[in-house]
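First comes the structure, then the notes that go with it.
Values reported hereafter were calculated over all heavy atoms of this structure, with side chains retained and with hydrogens, waters and symmetry mates removed. Chain letters run A, B, ... following the sequence lines, proteins first and then strands; every chain starts at 1.
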Amino acid sequence: MKLPIYLDYAATTPVDPRVAEEMMKCLTMDGTFGNPASRSHRYGWQAEELIDIARNNIAELVNADPREIVFTSGATESNNLAIKGAANFYSKKGKHIITAQTEHKAVLDTCRELERQGFEVTYLNVLPNGLVDLNVLEAAMRDDTVLVSIMHVNNEIGVIQDIAKIGELCRARKIVFHVDAAQSAGKTPIDLRELKVDLMSFSAHKIYGPKGIGALYVSRKPRIRLEAQMHGGGHERGFRSGTLPVHQIVGMGEAFRIAKEDMAKDTKHIEALRARLWEGVKHIEETYINGDMEHRVPGIFNVSFNFVEGESLIMALKDMAVSSGSACTSASLEPSYVLRALGLTDELAHSSIRFSIGRFTTEEEIDHVIGQVNNSIDKLREMSPLWEMFKDGVDLSTIEWEAH
Amino acid sequence: MAYSEKVIDHYENPRNVGSFDKNDPTIATGMVGAPACGDVMKLQLKINESGIIEDAKFKTYGCGSAIASSSLVTEWVKGKSIEEAQKLSNTLIAEELALPPVKIHCSILAEDAIKAAIEDYKSKK
Ligand SMILES: Cc1ncc(COP(=O)(O)O)c(C=O)c1O
């Protein structure tokens with residue numbers, strides 16, 4: 001067993017060996033290293049062919065037309081291109097955008113930037129289970145709303161938003177609908193022929209592809225227009241200039257092809273490990289799962305162990321690589337904004353750990369994790385004044401803390 | 001983030017974890033911090049008639065550096081007079097544990113805990 005055990009698949013995944021093998025064929029003199037934009041020789045044609053295959057594989061996973069796939073450097077860039085590009089193009093129609101408080105920073109910070117440029121943004125509250133309340137969304141829609149951006153699967157808590165219904169609401173009002181699908185592609189089925197989604201962001205490195213490559217789906221029917229954010233040689237039909245990184249795109253294509261082939265198998269495997277992990281820790285007093293229990297992907301499992309601070313817990317869980325909702329290292333001392341948006345108390349938000357499980361996680365690893373979690377919680381609670389007060393029957397919300 | 005060896009040592013083998021009866025007249029209790037900030041420290045001192053700290057215990061909810069800072073403080077104050085204990089500054093704690101700048105607040109909290117406990121001692125007299 002390799003230590004520390006990698007349980008941070010939502011942050012990034014290792015490249016699948018099958019993907020790495022394909023990528024290596026696109027780098028050296030013996031391989032397909034050409035510039036796909038070179039029209040005058042075979043090096044370029046061969047590279048272009050590989051790009052076409054990759055584009056097809058990506059389109060097939062989400063049931064889109066390959067001509068609707070625009071390559072970018074990752075989901076961050078896709079989100080920027082989609083949100084800024086659509087907002088700017090449609091700004092004559094209106095300058096109001098709707099998103100949710102639990103979105104990834106790549107969406108939130110892009111919206112903040114648009115606010116500086118004169119747009120108005122509504123950041124929707126979510127329900128305590130992390131889902132967007134469709135009535136609240138509908139009520140926020142106005143005549144001047146041009147764009148709604150709601151993520152598919154949340155990166156911290158794993159809940160799945162109802163993008164089918166949200167799409168209906170947007171389409172009925174001719175509002176452009178963007179979905180950040182960085183955490184959902186390959187994890188839960190996506191059918192872009194059925195869904196009324198206009199723009200969708202993808203990333204390769206969340207599904208066993210390489211970092212630094214992603215894509216934006218731009219719907220052709222209805223035809224969605226964007227203002228380009230990167231100008232140059234007019235690549236990707238003018239949406240995103242820059243020489244296509246063949247090895248990266250081949251890697252992404254192969255990762256998406258494998259994801260389509262293995263999704264059912266991966267899901268079953270991860271589902272079983274998640275259940276095993278929960279069986280092993282659920283008896284621990286004051287332990288809570290964050291996010292809706294039904295609408296979720298199995299790979300992201302966010303748990304709060306009340307009265308134990310997340311960073312110290314991560315330190316105790318030294319045989320595993322996990323992430324915490326507590327951000328004691330940042331200057332703000334603020335816990336995760338996603339957990340705060342669910343309405344968690346300060347203690348619970350600071351006490352959360354995100355276990356994210358993936359294709360290469362094993363039962364043996366999960367069993368080791370269960371043992372270490374149990375021991376660590378016992379040790380840290382023994383040390384926790386909050387736990388002591390809780391056990392003495394003190395209601396922590398009645399105490400006046402002197403914040404520093 | 002990488003922790004210093006001393007922080008890891010205190011974190012893995014914390015000294016003097018526990019509680020005294022806070023109603024005991026010889027026990028002074030200081031509780032500082034807030035759950036909202038992700039750290040709460042409780043420091044208790046057992047102070048004898050001549051004003052010497054005979055024993056100390058702590059409980060801390062917080063990151064590894066917060067736990068290490070409070071553990072270290074319990075070691076340092078033992079055998080000291082109140083006046084001496086009062087002089088323990090956060091810079092000494094931060095230096096001893098080699099805390100990085102983002103963790104300085106942990107040492108400040110430990111200093112505050114000593115002050116709060118001494119405050120409690122004075123108010124009990
Ligand atoms: C939901 C979500 N959106 C966007 C991103 C950013 O993706 P990338 O690293 O490909 O830019 C991530 C990953 O960090 C994510 O989880």
Side-chain angles (χ1 to χ4, degrees), chain A residues 286 304-318 323-336 339-340 344-352 375-392 394-404, chain B residues 1-3 7-22 29-44 57-71 74 90 99-113 115-116 119:
Chain A
E286 287 288 307
S304 286
F305 300 99
N306 210 358
F307 312 117
V308 170
E309 193 272 335
E311 199 181 319
S312 63
L313 182 54
I314 282 194
M315 209 169 155
L317 301 177
K318 57 182 174 205
S323 85
S324 150
S326 190
C328 185
T329 43
S330 72
S332 65
L333 305 182
E334 283 282 314
S336 143
L339 297 180
R340 294 293 297 154
L344 260 63
T345 62
D346 294 322
E347 301 93 83
L348 275 177
H350 273 294
S351 301
S352 82
N375 290 339
S376 306
I377 301 291
D378 282 351
K379 178 188 153 172
L380 289 168
R381 282 195 176 157
E382 196 51 44
M383 251 194 267
S384 166
L386 301 182
W387 176 248
E388 183 178 71
M389 290 161 87
F390 168 73
K391 282 280 149 184
D392 288 345
V394 177
D395 178 358
L396 293 178
S397 66
T398 62
I399 295 180
E400 276 188 40
W401 304 96
E402 35 149 336
H404 54 285
Chain B
M1 199 187 65
Y3 292 94
V7 168
I8 293 173
D9 178 42
H10 275 281
Y11 174 77
E12 292 196 335
N13 314 293
R15 333 294 198 246
N16 311 307
V17 173
S19 296
F20 295 120
D21 175 6
K22 65 175 186 293
T29 303
M31 177 126 86
V32 294
C37 310
D39 33 34
V40 175
M41 271 181 204
K42 187 184 80 168
L43 177 67
Q44 291 189 303
K57 283 195 190 299
F58 85 95
K59 283 203 175 189
T60 291
Y61 164 89
C63 65
S65 305
I67 290 170
S69 298
S70 32
S71 166
T74 59
N90 76 80
L99 297 182
V102 290
K103 294 296 185 187
I104 296 300
H105 70 270
C106 298
S107 61
I108 296 175
L109 205 58
E111 180 188 323
D112 289 349
K115 299 222 165 98
E119 226 20 66

Legend entry - Partner chain B: residue of Leu396(A), Leu386(A), Ile399(A) with the largest heavy-atom pair count (under 4.5 Å): Leu386(A)
Legend entry - Which of Glu388(A), Glu382(A), Lys379(A), Arg381(A) touches chain B most, by non-hydrogen pairs under 4.5 Å: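 Sorted descending by pairs with chain B, the first entry is Glu388(A).
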Legend entry - Nearest heavy-atom neighbours spanning Ala110(B) and Ser69(B): CB-CB, 3.9 Å
Inset, instruction - Examine whether an atom of Val40(B) lies under 4.5 Å from a heavy atom of chain A, and if so say whether it belongs to the side chain, the backbone or both; otherwise answer neither. - result: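 Both the backbone and the side chain of Val40(B) come within 4.5 Å of chain A.
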Inset, instruction - Determine, for Lys115(B) against Glu119(B), whether the closest basic-nitrogen to carboxylate-oxygen distance falls under 4.0 angstrom. - result: no
Legend entry - Residues in side chain to side chain donor-acceptor pair (under 3.5 Å) contact with Asp395(A), at least two apart in sequence or another chain: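 Expected list: Ser397(A).
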Inset, instruction - Applying ring-ring contact (aromatic ring centres under 6.0 Å, His included), name anything that partners Tyr11(B), two or more places apart in sequence or on another chain. - result: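 Counting only residues at least two positions away or on another chain, Tyr11(B) forms no ring-ring contact (aromatic ring centres under 6.0 Å, His included).
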